[in-house]
Asks: 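Below is one structure. I have some questions about it.
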Amino acid sequence: MSMGERVLVISGPIGAGKSTLAQGLVGRHGAQRVSSRELLLARLGEGSGDRRSLQEAGAALDRETGGRWVADGVNEVLRRQEGPPRPLVVDSVRVASQVEALRRVLGSRVIHVHLSAPEQELAARYERRRSRAASDTERASFEEARADTTERGVEALADFADLVLNTQRYPSEAVLVQVACLLGLFGRDVERLVDVLVGGQYGSEGKGQIASYLAPEYDVLVRVGGPNAGHRVYEELGPYTFHLLPSGTRVAPQARVVLGPGATLSLTALRQEIADCRLEPGRLFIDPQALLIEPSDVTFEEESLRKQIASTARGVGAATARKVLRTAAQPAVRLAKDVEELGPFLRSTREVLEDTYARGDRVLVEGTQGAGLSLHHGDYPYVTSRDTTASGCLAEAGIAPGRVRKTLLVCRTYPIRVQNPDGGNGTSGPMVGELSWEEIARRSGLSLDELLSQERTSTTNRQRRVAEFDWVLLRKAASLNAPTDVVLTFVDYLAASNRSARRFEQLTPEAHRLIEAIERVAQSPVSILSTGFGFRNILDRRAW
């Protein structure tokens with residue numbers, strides 16, 4: 001039975017929180033509320049009535065139908081329900097015969113929850129509600145409302161309810177969580193629905209093109225990090241570089257797009273990408289806790305980190321440092337929830353992901369940069385301002401490790417690092433066996449002009465440095481990420497002829513030897529290969 005087929009029946013005395021629970025299920029989980037009061041009015045053909053007269057009419061109808069009138073009304077609502085099934089909430093039942101009739105008609109679909117609270121608390125709540133009432137229906141005092149025979153006996157329904165909650169002890173949010181879990185609205189198991197794609201070297205491994213290739217297989221695309229990482233995707237109309245949104249946003253229009261609480265946002269870049277991708281509220285979700293980069297963050301990095309360690313100077317590190325300082329930060333930290341224009345896109349992305357898991361939908365998390373640039377595991381201080389491993393990416397996105405099915409580690413045949421900008425006295429960090437682009441051109445048979453043109457960074461347009469494949473770095477990246485699969489990119493840099501390969505066996509012997517060695521060191525298969533900038537240049541060897 002799916003969660004959408006459940007029928008929640010709520011009982012409890014006046015003021016116990018029945019309507020609050022029903023409204024919470026509607027707002028948070030998209031449930032459909034059925035009011036027994038409205039069913040009664042429809043049955044009686046009356047447009048209005050005070051509480052006392054409705055109580056008496058309901059009691060008469062219970063005697064006449066044996067409580068069946070509520071079940072008949074609910075069944076009719078279910079019959080008319082269109083679209084995907086969703087939970088139905090009956091607010092509320094008052095006598096045992098009504099619950100029994102619902103169970104006879106709807107069987108195991110019915111779940112009965114009884115809410116209660118001490119009499120003094122119920123009276124206080126009722127009087128607060130009565131003081132705000134705009135009609136005569138709530139003008140009766142609490143004592144008069146409780147004097148009704150049926151109302152006095154409603155607590156007896158607790159004896160055979162599936163769950164009984166004292167709403168004085170629990171805030172409304174806690175009641176909602178307990179009932180939602182009883183209904184299975186968060187799923188019944190921790191199903192592994194998340195795949196993570198991360199870099200195994202110093203970034204620029206071609207993650208964007210791989211993420212774009214995989215994206216149509218997923219229901220939700222999550223991007224972590226900030227605008228200091230550019231992921232270039234080669235589309236039919238030419239290349240497009242994503243700095244904040246997932247690389248599959250344009251090729252997978254059915255997928256929901258998520259920027260989690262660990263994201264660091266440039267408003268300028270975000271506005272542009274939202275416009276370019278024509279994203280609307282309801283498809284893009286930004287967590288209210290995501291961090292905003294300020295102009296002063298960019299200025300600080302331009303004046304210091306750019307020349308010292310070849311930082312992209314996009315303000316991500318400086319903004320992150322201010323977030324860590326919390327209330328001591330200058331200027332004060334702004335989060336996504338503080339920006340009015342982002343309002344339509346704001347939602348707790350944990351809730352978005354919870355809903356995704358409950359539906360059994362699949363999630364792709366797209367990491368940025370690479371293991372060699374991890375703040376904690378890289379060659380400090382020549383690192384970025386975050387942990388770039390799969391664990392770090394999951395933490396930023398708000399995803400538990402137990403949700404992960406596959407971890408894909410993306411590596412280039414020849415790793416790269418950025419050149420230090422002109423005038424800088426520092427370096428972007430060490431590389432083992434550094435080479436020249438002339439040497440790569442000689443080995444591969446590719447044009448040097450083409451290599452120099454392609455090998456410029458997506459964010460700062462600087463020339464890249466290049467080196468021999470680093471086996472120690474691969475082993476370290478494999479240890480940190482425990483990949484289930486390796487993705488090997490730039491296979492054409494081994495030999496230009498690999499660009500025309502459409503099957504694995506068509507690759508050169510050198511490529512086969514490299515793949516065999518990578519699988520041995522990483523202890524996982526090379527499941528995807530990229531031999532150029534296009535979908536026909538991707539060799540997919542996955543067994544999943």
Side-chain angles (χ1 to χ4, degrees), residues 197-218 221 223 225 227-255 257 269 272-273 275-279 364 366-370 408 410-416 418 437 440-441 444-464 466 487-503 506-507 511 526-542:
L197 183 140
V198 293
Q201 294 156 326
Y202 302 108
S204 299
E205 300 98 348
K207 295 183 294 297
Q209 191 69 10
I210 301 301
S212 177
Y213 170 76
L214 294 172
E217 301 177 19
Y218 296 87
L221 306 176
R223 164 82 182 251
N228 52 345
H231 287 186
R232 185 177 296 142
V233 175
Y234 291 83
E235 302 174 337
E236 288 187 15
L237 299 178
Y240 184 85
T241 301
F242 290 91
H243 287 95
L244 286 170
L245 297 178
S247 299
T249 299
R250 285 152 67 114
V251 299
Q254 86 294 339
V257 176
Q272 186 63 56
E273 291 185 27
D276 291 345
C277 298
R278 300 178 181 178
L279 288 179
L364 177 64
E366 180 181 347
T368 53
Q369 296 144 321
L408 288 77
V410 186
C411 297
R412 298 173 56 121
T413 51
Y414 292 99
I416 63 90
V418 66
W437 288 111
I440 300 299
S444 65
L446 295 172
S447 161
L448 176 61
D449 289 342
E450 178 188 350
L451 290 172
L452 292 175
S453 174
Q454 289 177 349
E455 292 296 349
R456 304 189 72 85
T457 58
S458 302
T459 300
T460 59
N461 196 36
R462 297 182 206 153
Q463 195 70 60
R464 292 164 171 159
V466 65
V487 178
L488 183 62
T489 57
F490 296 88
V491 179
D492 52 328
Y493 283 20
L494 299 175
S497 62
N498 286 325
R499 284 188 178 174
S500 61
R502 295 296 177 260
R503 302 187 305 277
Q506 292 176 321
L507 297 174
V526 175
S527 298
I528 300 175
L529 300 111
S530 171
T531 63
F533 301 115
F535 288 143
R536 284 294 286 149
N537 293 107
I538 291 179
L539 306 184
D540 194 336
R541 307 173 68 221
R542 290 178 293 164

Asks: If you look at every heavy atom in S247 and S212, which pair is closest and at what distance?
Replies: O-CB, 3.7 Å
Asks: Out of curiosity, T368 OG1 to L244 CG, how far, rounded to the nearest 0.5 Å?
Replies: 10.0 Å
Asks: Compare every heavy atom of G367 with every heavy atom of K207, then report the nearest pair and how far apart it is.
Replies: CE-O, 3.5 Å
Asks: What's the separation between atom CG in L197 and atom CG in L408, rounded to the nearest 0.5 Å?
Replies: 5.5 Å
Asks: With rounding to the nearest 0.5 angstrom, report the CG to OG distance, L539 to S527.
Replies: 12.0 Å
Asks: Listing request: all salt bridge (charged side-chain N to carboxylate O under 4.0 Å, His left out) pairs with a residue in residues 240-252, at least two apart in sequence or in separate chains.
Replies: E235-R250
Asks: Ignoring hydrogens, what is the shortest heavy-atom contact between P216 and Q254? Give both atom names and the distance.
Replies: O-NE2, 3.6 Å
Asks: Would you mind checking if E217 and R542 are paired as a salt bridge, meaning a charged N to carboxylate O distance below 4.0 Å?
Replies: yes
Asks: Could you tell me whether a side-chain N or O of R499 sits under 3.5 Å from a main-chain N or O of N537, the two making a donor and an acceptor?
Replies: no
Asks: Are any of the side-chain heavy atoms of L221 and E366 separated by less than 4.5 Å?
Replies: no
Asks: Got L214 and I528 here, is their nearest side-chain heavy-atom distance under 4.5 Å?
Replies: yes
Asks: Could you tell me the separation between the CD atom of E455 and the CG atom of L448, rounded to the nearest 0.5 Å?
Replies: 11.5 Å
Asks: Quick one: closest heavy-atom pair of L364 and A211, and the distance?
Replies: CD2-O, 4.0 Å
Asks: Is it the case that the side chain of S530 and the backbone of I538 share a donor-acceptor pair, with hydrogens and angles ignored and the cut-off at 3.5 Å?
Replies: no
Asks: With side chains defined as the heavy atoms from C-beta onward, is the minimum distance between Y213 and D540 less than 4.5 Å?
Replies: yes
Asks: What residues form a ring-ring contact (aromatic ring centres under 6.0 Å, His included) with F242, not counting sequence neighbours?
Replies: Y240
Asks: If you count every heavy atom of other residues, nucleotides or ligands that lies below 6.0 Å from R536 atom CZ, does the total exceed 12?
Replies: no
Asks: Indicate yes or no for a side-chain donor-acceptor contact from T531 to the backbone of V491 under 3.5 Å, with no hydrogens or angles considered.
Replies: no
Asks: According to side chain to side chain contact (heavy atoms under 4.5 Å, CB included), who are the partners of Y234, at least two apart in sequence or on a separate chain?
Replies: Q209, R232, P239, F533
Asks: Under a 3.5 Å distance rule, please check whether E205 uses its side chain to pair with a backbone N or O of Q201 as donor and acceptor.
Replies: yes
Asks: Without swapping roles, check the side chain of E273 against the backbone of L245 for a donor-acceptor pair under 3.5 Å.
Replies: yes
Asks: Using 0.5 Å steps for rounding, measure from the CD atom of Q463 to the CD1 atom of I416.
Replies: 10.0 Å
Asks: To check you understand the geometry: which heavy-atom pair defines the closest contact between F490 and T413, and what is its length?
Replies: O-OG1, 2.7 Å
Asks: To the nearest 0.5 angstrom, please state how far the CG atom of L494 sits from the CG atom of L507.
Replies: 9.0 Å
Asks: Shortest non-hydrogen contact from D492 to N498?
Replies: CA-CB, 4.1 Å
